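Here is the structure we will look at.
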Amino acid sequence: QVQLVESGGGLVQPGGSLRLSCAASGNIFRITSMGWYRQAPGKERELVATITSGGSANYADSVKDRFTISRDNAKKTVTLQMNSLRPEDTAAYYCTTNLANGIQYWGKGTLVTVSS
């Protein structure tokens with residue numbers, strides 16, 4: 001089994017930056033892709049960014065010029081550097097990972113609030 005633990009959420013002013021981190025524990029199956037989703041009140045959960053084991057990244061259009069996803073395969077971690085934050089970025093951010101057997105795991109989420 002795999003457990004995901006997120007950290008780095010909090011309160012930040014518009015235009016500021018935050019860095020989210022997610023660590024995966026367990027080594028039953030090889031991790032393929034990892035990523036971040038977010039869900040704001042009254043909205044559906046949406047993709048923020050994903051990254052494959054080879055380092056290929058994919059971003060939502062709303063964040064592609066402001067956010068950067070990266071990973072450390074040895075440490076089984078994924079990070080999301082968020083710059084130029086806007087109030088509409090306010091949401092619960094969830095870490096996710098896909099294993100080689102096709103099973104997907106989710107973290108419990110970390111809150112990001114962008115407000116002055």
Side-chain angles (χ1 to χ4, degrees):
Q1 297 183 3
V2 173
Q3 182 179 9
L4 302 176
V5 180
E6 301 124 324
S7 63
L11 175 65
V12 65
Q13 294 185 349
S17 299
L18 282 176
R19 179 179 294 172
L20 305 183
S21 297
C22 174
S25 61
N27 195 29
I28 299 177
F29 301 102
R30 177 180 177 271
I31 296 175
T32 55
S33 64
M34 301 185 73
W36 293 91
Y37 285 69
R38 68 185 182 185
Q39 187 169 22
K43 297 183 179 180
E44 297 182 352
R45 184 174 297 187
E46 64 176 356
L47 170 71
V48 177
T50 60
I51 185 168
T52 67
S53 60
S56 179
N58 184 42
Y59 298 92
D61 289 341
S62 60
V63 308
K64 63 181 180 181
D65 295 325
R66 300 181 294 121
F67 294 5
T68 302
I69 188 171
S70 61
R71 67 184 292 172
D72 186 324
N73 291 334
K75 297 181 179 180
K76 298 180 180 178
T77 60
V78 60
T79 63
L80 184 69
Q81 178 65 46
M82 306 185 295
N83 299 324
S84 301
L85 284 164
R86 307 165 181 169
E88 52 264 39
D89 294 318
T90 297
Y93 285 71
Y94 298 88
C95 176
T96 186
T97 183
N98 287 279
L99 306 184
N101 62 1
I103 297 178
Q104 185 174 21
Y105 290 85
W106 294 88
K108 297 299 182 182
T110 183
L111 291 175
V112 173
T113 302
V114 184
S115 176
S116 60

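Keep in mind the model is a prediction, meaning the values are calculated, not measured. Side-chain atoms are counted along with the backbone in the values below, which use heavy atoms only and exclude waters and symmetry mates.
Taking hydrophobic clusters as Ile, Leu, Val, Met, Phe, Trp and Tyr residues chained together by side-chain heavy-atom distances below 4.5 Å, Val2 shares a cluster with Val78.
When all heavy atoms are compared, the tightest approach of Lys43 to Gln39 is O-NE2, 3.2 Å. Nearest heavy-atom pair, Ala100 versus Thr32, reported as atom, atom and distance to 0.1 Å: CA-CG2, 3.7 Å. Summarising the geometry of Leu85 relative to Leu18, their closest heavy-atom pair is CD1-N, 3.8 Å, with the distance given to 0.1 Å. Closest approach of Tyr59 to Ala49, counting heavy atoms only: CD2-CB, 3.6 Å. Considering all non-hydrogen atoms of both residues, Ser62 and Arg86 come closest at O-NH1, 4.2 Å. Minimum interatomic distance between Asn101 and Ile103 (heavy atoms only, all atoms of both residues): OD1-N, 3.1 Å.
Using a 4.5 Å heavy-atom cutoff, the side chains of Met82 and Val63 are not in contact.
To the nearest 0.5 angstrom, Met34 atom CE is 12.0 Å from Leu80 atom CG. Between the CG atom of Leu99 and the CD atom of Gln104 there is a distance of 9.5 Å, given to the nearest 0.5 Å. To the nearest 0.5 angstrom, Lys76 atom NZ is 9.0 Å from Thr97 atom OG1.
The stretch residues 73-116 participates, sequence neighbours left out, in these disulfide bond (SG atoms under 2.5 Å apart) pairs: Cys22-Cys95. For the salt bridge (charged side-chain N to carboxylate O under 4.0 Å, His left out) condition, no pair includes a residue of residues 8-21, sequence neighbours left out.
No more than 12 heavy atoms of other residues, nucleotides or ligands sit less than 6.0 Å from atom CD of Glu44.
Side chains of Ser70 and Thr79: a donor on one and an acceptor on the other come within 3.5 Å. Asn98 and Ser33 share a donor-acceptor pair across their side chains, judged by distance under 3.5 Å alone.
Judged purely by atom type and a 3.5 angstrom limit, Ser84 has no side-chain atom pairing as donor or acceptor with the backbone of Gly15.
Legend: residues meeting ring pair (Phe, Tyr, Trp, His ring centres under 6.0 Å) with Tyr94, ordered by chain and number and at least two apart, are absent. Applying the side chain to side chain contact (heavy atoms under 4.5 Å, CB included) criterion to Asp65, with sequence neighbours excluded, gives no partner residue. Not a single side chain to side chain donor-acceptor pair (under 3.5 Å) links Gln3 to another residue, sequence neighbours left out.
Taking the six-membered ring where tryptophan is involved, the planes of Phe67 and Tyr93 are tilted, since the angle between them lies from 30° to 60°.
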Check step by step if salt bridge (Lys or Arg N to Asp or Glu O under 4.0 Å) holds for Lys64 and Asp61. CA-CA 5 Å; Lys64 63 181 180 181; Asp61 289 341; 3.8 Å; yes
Show every donor-acceptor pair shorter than 3.5 Å between a side-chain atom in residues 108-116 and any protein atom, with sequence neighbours excluded, or say none if there are none.
| unit_1 | atom_1 | unit_2 | atom_2 | d |
| --- | --- | --- | --- | --- |
| Thr110 | OG1 | Gly9 | N | 3.3 |

